[in-house]
Amino acid sequence: MGTPAFAVPTLDALCASGHSIAAVYTQPPRAAERGRKVRPTPVAVRAEAAGIPVNTPVSLKPEEAQTAFAALDADLAVTVAYGLILPPAVLAAPWLGCINAHASLLPRWRGAAPIQRAIMAGDRETGVSIMRMDEGLDTGPILMDERVPIGPETTGGTLHDTLAALSARLVVEAIDALSAGAVAETPQPEDGATYAAKLEKHEAAIDWRAPAAHIERTVRALAPRPCAWFDHEGERIKVPAAEEAAGATDAPPGTVIDEALTVACGEGSVLRPTRLQRAGKAAMDTDAFLRGRPIPAGTRLRCPATG
């Protein structure tokens with residue numbers, strides 16, 4: 001049971017491990033952002049290519065959906081970024097229950113966007129937790145987990161790929177351990193629990209009033225998609241990469257203080273975008289960008305909500 005590209009490596013690993021997959025559940029096809037063409041989910045595409053039956057219920061709450069799920073007579077359900085709530089009847093249907101691969105070290109970053117929130121918060125490590133699902137939001141007992149460092153170059157994209165591959169490996173290991181009765185379940189402590197709220201569109205707009213360190217982490221967390229951006233003369237310019245610059249300034253936040261596009265940020269800190277991208281164009285190094293689209297010193301870049 002999964003939906004985005006993050007879940008595809010786990011489906012591949014389950015297929016390669018020799019387990020019989022009764023069905024795949026994924027979100028219904030939806031219109032893509034560009035062109036509004038309705039597209040199946042990445043998991044649906046991979047499952048159909050493998051000849052696995054695909055189910056796309058809008059909800060698992062109706063009795064007929066729960067009856068259909070129970071009729072699969074599955075030993076176990078595996079969820080990875082599925083996106084639908086599993087009602088008690090669904091959780092109880094497989095005799096080995098339902099397990100979930102979650103991209104954080106639970107109980108930290110329960111919820112929808114654990115990868116990006118960990119980078120934004122400045123966490124030095126994250127990982128994958130395999131948990132037995134219960135009726136709470138990522139609150140079930142942990143079967144196993146594994147840690148991954150978050151370095152100064154880690155982006156949302158690189159961490160996504162690392163944790164997707166790790167999830168695939170750990171799910172197979174967890175199933176083998178469950179089958180052998182050789183796994184211990186550890187209840188999650190409530191101490192240290194945090195919530196990874198879904199990313200909102202407005203969060204990609206750079207708020208120059210924030211400290212440069214926070215903006216730099218946000219840029220990395222949102223790279224390569226949806227990508228942080230700022231507005232200049234009515235044009236949205238994306239920032240795939242940036243660095244906190246040395247020194248300090250008393251210029252108002254959003255002020256460009258030199259010809260290299262060093263920008264004043266909150267608390268007197270400064271940030272320098274190192275890669276920029278115009279709409280419909282390829283990303284490029286900032287110096288090359290500025291040769292064709294100068295943003296002179298003294299320019300005041302807008303801050304969200306204040307202009």
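The CG atom of Leu76 sits 6.5 Å away from the CG atom of Leu178 when rounded to the nearest 0.5 Å. In this structure, CE in Met284 is found 7.5 Å from CZ in Phe289, a value given to the nearest 0.5 Å. Leu60 contributes atom CG, which lies 7.5 Å from atom CZ of Phe69 (distance to the nearest 0.5 angstrom). Going from atom CH2 of Trp109 over to atom OG1 of Thr126 covers 9.5 Å, rounded to the nearest 0.5 Å. One distance of note links NE2 of His232 with CZ of Arg278; it measures 9.5 Å at 0.5 Å rounding. Annotation: the span from Glu233 atom CD to Thr299 atom OG1 amounts to 7.5 Å, rounded to 0.5 Å.
For CD of Glu185, the number of neighbouring non-hydrogen atoms (other residues, nucleotides, ligands) closer than 6.0 Å is greater than 12. For Glu267, the CD atom counts as loosely surrounded, since its 6.0 Å shell holds 12 or fewer non-hydrogen atoms of other residues, nucleotides or ligands.
Not one N or O on the side chain of Thr262 forms a donor-acceptor pair closer than 3.5 Å with the backbone of Asp258. Between the side chain of Gln277 and the backbone N or O of Lys281 there is at least one donor-acceptor pair closer than 3.5 Å. Between the side chain of Ser129 and the main chain of Ser104, a donor-acceptor pair closer than 3.5 Å is present. Between the side chain of Arg225 and the backbone N or O of Gly157, no donor-acceptor pair lies under 3.5 Å. With hydrogens and angles disregarded, no donor-acceptor distance shorter than 3.5 Å links the side chain of Thr56 to the backbone of Pro28. Under the 3.5 Å distance criterion, the side-chain polar atoms of Glu203 are left unmatched by any main-chain donor or acceptor of Ala228. Here the side chain of Arg300 pairs a donor or acceptor atom with the backbone of Pro253 at under 3.5 angstrom. Here the side chain of Gln27 pairs a donor or acceptor atom with the backbone of Tyr82 at under 3.5 angstrom. Under a 3.5 Å cut-off, the side chain of Ser59 and the backbone N or O of Lys61 do form a donor-acceptor pair. Between the side chain of Thr162 and the backbone N or O of Thr158 there is at least one donor-acceptor pair closer than 3.5 Å.
The closest side-chain heavy-atom distance from Phe230 to Asp207 is not below 4.5 Å. Residues Cys227 and Leu222 have side chains not in contact (no heavy-atom distance under 4.5 Å, counting atoms from C-beta outward). Here the side chains of Pro87 and Gln66 are in contact, with some heavy-atom distance below 4.5 Å. Residues Thr218 and Ile206 have side chains not in contact (no heavy-atom distance under 4.5 Å, counting atoms from C-beta outward). Residues Ile142 and Leu106 meet the side-chain proximity criterion, which asks for heavy atoms closer than 4.5 Å. Side-chain contact between Leu163 and Ile115: present, with at least one pair of heavy atoms (C-beta onward) separated by less than 4.5 Å. At a threshold of 4.5 Å between non-hydrogen side-chain atoms, the residues Glu135 and Pro88 count as touching. Side-chain atoms of His102 and Val128, non-hydrogen and from C-beta on, never get closer than 4.5 Å to each other.
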>> I'd like to know whether Leu276 forms a side chain to side chain contact (heavy atoms under 4.5 Å, CB included) with Leu261, so could you lay out the CA-CA distance, the side-chain angles of the two residues, the decisive distance to 0.1 Å, and finally the verdict.
In response: CA-CA 11 Å; Leu276 296 170; Leu261 196 61; 3.6 Å; yes
> Checking side chain to side chain contact (heavy atoms under 4.5 Å, CB included) for the pair Met1/Val78: CA distance, chi angles, key distance, verdict?
Replying inline: CA-CA 6 Å; Met1 308 177 84; Val78 174; over 6 Å; no
>> side chain to side chain contact (heavy atoms under 4.5 Å, CB included), that's the test. Do Tyr25 and Val90 meet it? Break it down for me.
In response: CA-CA 12 Å; Tyr25 276 69; Val90 172; over 6 Å; no
> Step by step, would you call Ile150 with Leu159 a side chain to side chain contact (heavy atoms under 4.5 Å, CB included)?
Replying inline: CA-CA 8 Å; Ile150 298 177; Leu159 190 56; 4.3 Å; yes
> Going through the distances and angles, do Thr41 and Thr26 end up as a side-chain hydrogen bond (donor to acceptor under 3.5 Å, both in side chains)?
Replying inline: CA-CA 7 Å; Thr41 70; Thr26 189; 2.7 Å; yes
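Closest of all the heavy-atom pairs between Leu137 and Gly111 is CD2-CA, 4.3 Å. Minimum interatomic distance between Leu143 and Arg132 (heavy atoms only, all atoms of both residues): CD1-N, 3.4 Å. Closest non-hydrogen pair, Met131 versus Gly140, comes out as CE-N, 3.5 Å. Listed here is the closest heavy atom pair of Val43 and Ala7: CG2-CB, 3.7 Å. When all heavy atoms are compared, the tightest approach of Gly136 to Asp134 is N-OD1, 2.9 Å. The two residues Ala193 and Arg110 make their nearest non-hydrogen contact at CB-NH1, 3.8 Å.
We find that Glu216 and Arg272 are not joined by a salt bridge, their nearest charged nitrogen and carboxylate oxygen being 4.0 Å or further apart. Using a 4.0 Å cut-off between charged side-chain N and carboxylate O, Glu153 and Arg220 make no salt bridge. The residues Asp123 and Arg117 are annotated as not salt-bridged, no charged nitrogen and carboxylate oxygen being separated by less than 4.0 angstrom.
The side-chain contact (heavy atoms from CB on, under 4.5 Å) with Thr10 is formed by just one residue from the set Leu170, Val172, Val80; it is Val80.
Taking hydrophobic clusters as Ile, Leu, Val, Met, Phe, Trp and Tyr residues chained together by side-chain heavy-atom distances below 4.5 Å, Ile21 shares a cluster with Phe6. Residues Leu301 and Val219 share a single hydrophobic cluster, defined by chaining ILVMFWY side chains whose heavy atoms lie under 4.5 Å apart. Residues Leu11 and Leu86 fall into different hydrophobic clusters, defined by Ile, Leu, Val, Met, Phe, Trp and Tyr side chains chained together at heavy-atom separations under 4.5 Å. The hydrophobic cluster containing Val239 also contains Ile295, counting ILVMFWY residues as joined when their side-chain heavy atoms lie under 4.5 angstrom apart, directly or transitively. When the side chains of ILVMFWY residues are joined at heavy-atom separations under 4.5 Å, either directly or via intervening members, Leu105 and Val148 end up in two distinct hydrophobic clusters.
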